[in-house]
2 protein chains.
Amino acid sequence: MSVGIRHDDLRRRNRAMVISAVRRAGQPSRTEIAATTGLSHSTISAISSDLIQEGILAESKPGETGALKRGRPQVGLALNPEAAAVMTVVLSLNFLSVTVIDYAGHVVAEEQRRLDTLTMPRDKLIGECTAIVRRRLEDPDLDVQSIARIAMGIQGITDSQARAMLWSPITPLTDIAFADILEAEFGIPATMENDCNMMAVALQWRQPERYRDDFIAILLSHGIGMGLVLKGELFTGTHSSGGEFGHMIHRPGGALCRCGRRGCVEAYAGNYAIWRSAKMMSEDAEPVDVGDADMRALAARARETDGPEREAYRKAGEALGFGLGSLFALIDPAPVAMVGVSAAAFDLIEPALREAIAQTAGGQHSKSISFDTEPNELPLIREGCAMRALGFVDQEIFAAGAQARTGAGKNVA
Amino acid sequence: MSVGIRHDDLRRRNRAMVISAVRRAGQPSRTEIAATTGLSHSTISAISSDLIQEGILAESKPGETGALKRGRPQVGLALNPEAAAVMTVVLSLNFLSVTVIDYAGHVVAEEQRRLDTLTMPRDKLIGECTAIVRRRLEDPDLDVQSIARIAMGIQGITDSQARAMLWSPITPLTDIAFADILEAEFGIPATMENDCNMMAVALQWRQPERYRDDFIAILLSHGIGMGLVLKGELFTGTHSSGGEFGHMIHRPGGALCRCGRRGCVEAYAGNYAIWRSAKMMSEDAEPVDVGDADMRALAARARETDGPEREAYRKAGEALGFGLGSLFALIDPAPVAMVGVSAAAFDLIEPALREAIAQTAGGQHSKSISFDTEPNELPLIREGCAMRALGFVDQEIFAAGAQARTGAGKNVA
DNA sequence: CTCTATTTTTTCGAGCCTCGAAAAAATACT
DNA sequence: AGTATTTTTTCGAGGCTCGAAAAAATAGAG
């Protein structure tokens with residue numbers, strides 16, 4: 001609201017509009033783009049001709065609307081895969097993975113690596129990340145000239161500027177400005193993204209019909225995380241990545257959470273909490289890491305017999321339900337995606353969750369709240385990072401126009 | 001993101017920018033406006049000359065920056081009070097008030113009226129509202145030609161389109177589309193706003209240095225309400241006015257709330273909850289209305305002796321603290337304004353509140369979270385409605401330009 | 001009292017941008 | 001081969017913002 005619109009912004013914004021229309025639609029014709037953007041055919045024609053000239057878009061075969069219509073056939077416009085490339089770096093518990101993605105969104109290279117994140121000292125952890133990036137950049141097999149953007153994803157809290165990891169469960173280290181480190185090391189603009197936010201971005205991309213303007217992605221894993229999209233935009237906190245659903249208070253003074261506090265949702269619904277409860281340990285017991293295989297075994301046992309295992313999942317569902325109820329009181333109900341290893345046990349969680357949510361103001365129409373599950377978070381996080389990085393190239397670099405880019409040449413920031 | 005920017009939008013947006021700069025700054029010179037909007041002097045000159053021509057702005061004496069500077073003195077631009085007028089209608093428990101406000105924001109007429117909202121049937125309640133509006137509109141003393149906009153505020157839940165009251169504690173009636181009713185009756189565009197949202201709007205206007213981009217206004221009255229501003233914008237739910245802080249869950253299955261559910265924050269911190277607790281009644285006891293005088297007496301007694309009254313306020317503080325902690329986990333901490341009769345007893349509430357919040361993830365820096373109090377909510381709500389209505393005139397009517405207004409002539413919607 | 005320095009505001013032409021209408025292009029149908 | 005139909009491009013008109021220069025309005029100096 002504070003700054004006016006300059007005349008040159010106009011073209012930039014409309015170019016961005018066309019690029020994003022093509023990214024979303026795949027192979028839209030100029031006419032389709034004109035329809036979705038509301039701009040005139042002349043404008044679309046002028047802009048797309050520029051974009052083709054600059055090598056950002058390329059003409060492809062018709063949109064293939066099935067039956068051939070009379071009249072001049074539509075020419076599909078597609079992203080030119082060679083226009084740019086981006087890189088994703090995903091750091092999760094004991095695991096580091098990197099992918100290189102062309103401008104059209106296809107993976108052209110990747111590398112994965114196990115490492116002991118929990119005990120690794122600061123220098124080593126940073127070194128591993130820069131080393132894996134360097135290996136991909138210097139790979140002679142890779143036929144991309146340069147990487148335009150790096151998006152790094154990590155489980156934990158990042159700052160709202162997407163520059164640094166503030167806190168993460170995968171390492172005792174705090175406040176690592178990965179974005180700055182990568183930029184300094186490679187001279188490539190980078191961001192540091194929260195894993196759950198990237199999950200949400202990926203879902204929005206994968207299933208736009210279901211996850212569009214308002215939805216919630218919840219990670220049910222060792223910890224409980226959330227990515228929240230409201231009014232079509234990723235919701236972040238004012239200082240941090242925000243959306244720390246797992247640390248909303250379920251029971252004041254209750255079970256011990258990994259964060260050191262008591263009564264958080266996560267202290268009832270995180271893997272370690274379910275494990276602790278299933279093994280009849282005290283709610284004060286120190287959180288321990290539980291492997292995915294152990295969790296799957298636990299879920300299997302809970303399905304078999306009505307014992308403490310089943311009760312543990314029930315308690316988790318209750319905590320999630322009341323937490324969602326409180327969340328829905330603030331933002332109104334929205335579709336939910338449950339992601340992560342415990343999402344595979346959602347059948348054990350759902351009944352108690354729905355019962356709890358029905359007792360809250362936000363759950364007035366609890367039956368209409370729909371849940372979907374996706375057990376594997378890593379591909380989602382990677383996809384989200386890729387879309388994030390590509391979106392940056394679309395909006396910040398290519399929308400600016402060729403002369404703005406070559407002329408001024410300050411594309412960092 | 002879906003619609004492009006048309007060429008004619010440009011002028012409209014920049015006009016809006018200039019108008020809002022004048023509304024905020026009071027009497028800025030053209031040069032100041034150019035500086036704050038980032039637009040060129042030529043553009044500001046052209047736009048302000050148009051706006052003066054159309055009678056929206058008027059030149060006034062210099063901005064009076066104190067010492068007279070050398071050079072051509074600045075000419076202040078001010079809103080022309082006669083450019084338009086708006087009306088606010090605020091419906092609260094047993095009380096209905098209306099004000100007429102000129103374009104510069106000054107109250108030019110008002111009327112207030114007691115009525116028994118709790119027992120009034122639907123027709124009667126609507127009738128009272130339309131009648132009081134009609135009386136003000138037809139008042140011969142009123143020298144405004146026409147009212148450009150009505151903003152109605154009510155305690156309770158409204159829909160996200162600001163058309164209807166969905167639920168309110170002041171009446172058993174539900175789903176009254178006041179905005180539609182007023183529009184149909186008087187042919188004046190109207191909106192139905194949530195009281196706490198309007199409090200937040202007013203605070204942003206009154207104290208922009210403190211309440212700017214991110215802050216929270218909490219109503220401590222019979223019920224507990226919240227208005228939330230994030231990134232400078234009022235936060236609303238996806239379907240309703242949202243931000244139902246009072247109905248976040250404090251203790252699952254806990255005290256009986258006025259909403260019929262259990263364990264809501266309000267069931268511990270609403271006036272009725274404090275009263276119930278202070279009088280040693282059961283947490284299941286039906287909520288009853290408590291007058292402001294009684295609440296003030298209760299607070300006085302709590303300050304005198306360490307009895308059940310003081311304990312009641314402590315419990316209220318605890319509920320608010322844990323609730324805020326959960327909220328801060330989602331959005332990060334922000335300044336808080338406590339408004340309403342129990343805000344005057346915030347000294348009794350604050351210690352327990354801070355203690356509770358310190359036990360939450362969001363309260364990590366609980367000492368840096370600052371609270372301010374304002375015992376009287378009604379003036380705030382009125383002011384917020386006024387600013388809301390004026391903002392509509394600024395952005396939707398006057399920004400469009402004279403020919404767009406007179407030419408097409410479809411200003412409704 | 002006049003002249004100069006300084007600051008604000010307006011004027012004017014240049015350069016873009018979008019738009020509508022018309023033309024051109026490309027195909028299916030007759 | 002000709003016609004109808006649909007898509008895309010071309011072209012001139014009309015607007016908008018911008019920078020530079022001019023005009024306006026005042027304080028201070030002599």
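Given the structure is predicted, the values throughout are model-derived calculations rather than measurements. Below, chains carry the letters A, B, ... as their sequence lines are ordered, and counting in each starts from 1. Heavy atoms only: backbone and side chains are in, while hydrogens, waters and symmetry mates are out.
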Handout entry: Side-chain donor/acceptor of B/Asp102 to backbone N/O of B/Ala85, under 3.5 Å
Key = no
Completion exercise
Out of D/dT26, D/dT9, C/dC16, minimum distance to the side chain of B/Pro73 belongs to D/dT26
Exercise for the section: Find which nucleotide of DNA chain D each of A/His41 and B/Ile47 is nearest to by heavy atoms, and output the residue with the more 5' nucleotide. Expected result: A/His41
Handout entry: Atom-to-atom span, CZ of A/Arg12 to P of C/dC17 - whole angstrom
Key = 12 Å
Exercise for the section: Return the nearest nucleotide to the side chain of A/Gln74; candidates are D/dT7, C/dC16, C/dT8. Expected result: D/dT7
Completion exercise
From CD1 of B/Ile5 across to P of D/dC16 the rounded distance in Å is 15 Å
Handout entry: Distance in angstrom units between B/Leu39 CG and C/dT10 P, rounded
Key = 15 Å
Problem - Distance, rounded to the nearest Å, where B/Met17 contributes CE and D/dC16 contributes C1' - result: 15 Å
Exercise for the section: Identify whether NZ of Lys or CZ of Arg in A/Arg23 sits under 6.0 Å from the centre of the six-membered ring of A/Tyr103 and within 45° of that ring's axis. Expected result: yes
Exercise for the section: Report yes if a side-chain nitrogen or oxygen of B/Ser42 is closer than 4.0 Å to either non-bridging phosphate oxygen (OP1 or OP2) of D/dG19; otherwise report no. Expected result: no
Handout entry: Charged N-O contact under 4.0 Å between A/Glu59 and A/Arg30
Key = yes
Exercise for the section: Tell me whether the OP1 or OP2 atom of C/dA5 has a side-chain N or O from B/Arg72 closer than 4.0 Å. Expected result: no
Practice task
Would you check if there is a donor-acceptor pair between the side chains of A/Ser45 and A/Ser42 at a distance under 3.5 Å?
Solution key: no
Handout entry: Interatomic distance where CD1 belongs to A/Ile44 and C1' belongs to C/dC17 [whole Å]
Key = 13 Å
Exercise for the section: Select one nucleotide: of D/dC16, C/dT9, D/dT8, the one nearest the side-chain heavy atoms of A/Val75. Expected result: D/dT8
Fill in the blank from the handout: Ranking A/His7 and A/Thr43 by the position along DNA chain C of their nearest nucleotide, the one closer to 5' is A/His7
Exercise for the section: Tell me whether the OP1 or OP2 atom of D/dT8 has a side-chain N or O from A/Thr31 closer than 4.0 Å. Expected result: yes
Would you tabulate the nitrogen or oxygen pairs shorter than 3.5 Å linking the protein to nucleotides 1-4 of chain D?
none

Problem - Phosphate OP1/OP2 of C/dC16: any A/Arg11 side-chain N/O under 4.0 Å - result: no
Exercise for the section: Can you see which heavy atom on B/Ile44 is nearest to which on B/Ile33, and at what distance? Expected result: CD1-CG2, 3.8 Å
Problem - Between C/dT11 (C1') and B/Arg30 (CZ): distance, integer Å - result: 14 Å
Exercise for the section: Answer yes if the side chains of B/Thr88 and B/Thr99 hold a donor-acceptor pair under 3.5 Å, and no otherwise. Expected result: yes
Practice task
Enter the distance from B/Ile47:CD1 to B/Leu57:CG here, rounded to the nearest 0.5 Å.
Solution key: 10.5 Å
Exercise for the section: Rounded to the nearest angstrom, tell me the gap between atom CZ in B/Arg15 and atom P in D/dG15. Expected result: 14 Å
Practice task
Take the protein atom CG of B/Asp50 and the nucleotide atom P of C/dT9, then report the distance between them rounded to whole Å.
Solution key: 16 Å
Completion exercise
Residue pair A/Arg6/A/Ser49 against DNA chain D: nearer the 5' end by closest nucleotide is A/Ser49
Exercise for the section: Kindly compute the distance separating CZ (B/Arg15) from OG (B/Ser48), expressed to the nearest 0.5 Å. Expected result: 10.5 Å
Practice task
Using a 4.0 Å heavy-atom cut-off across all strands, classify B/Asn14 as base, sugar-phosphate, or nothing.
Solution key: sugar-phosphate
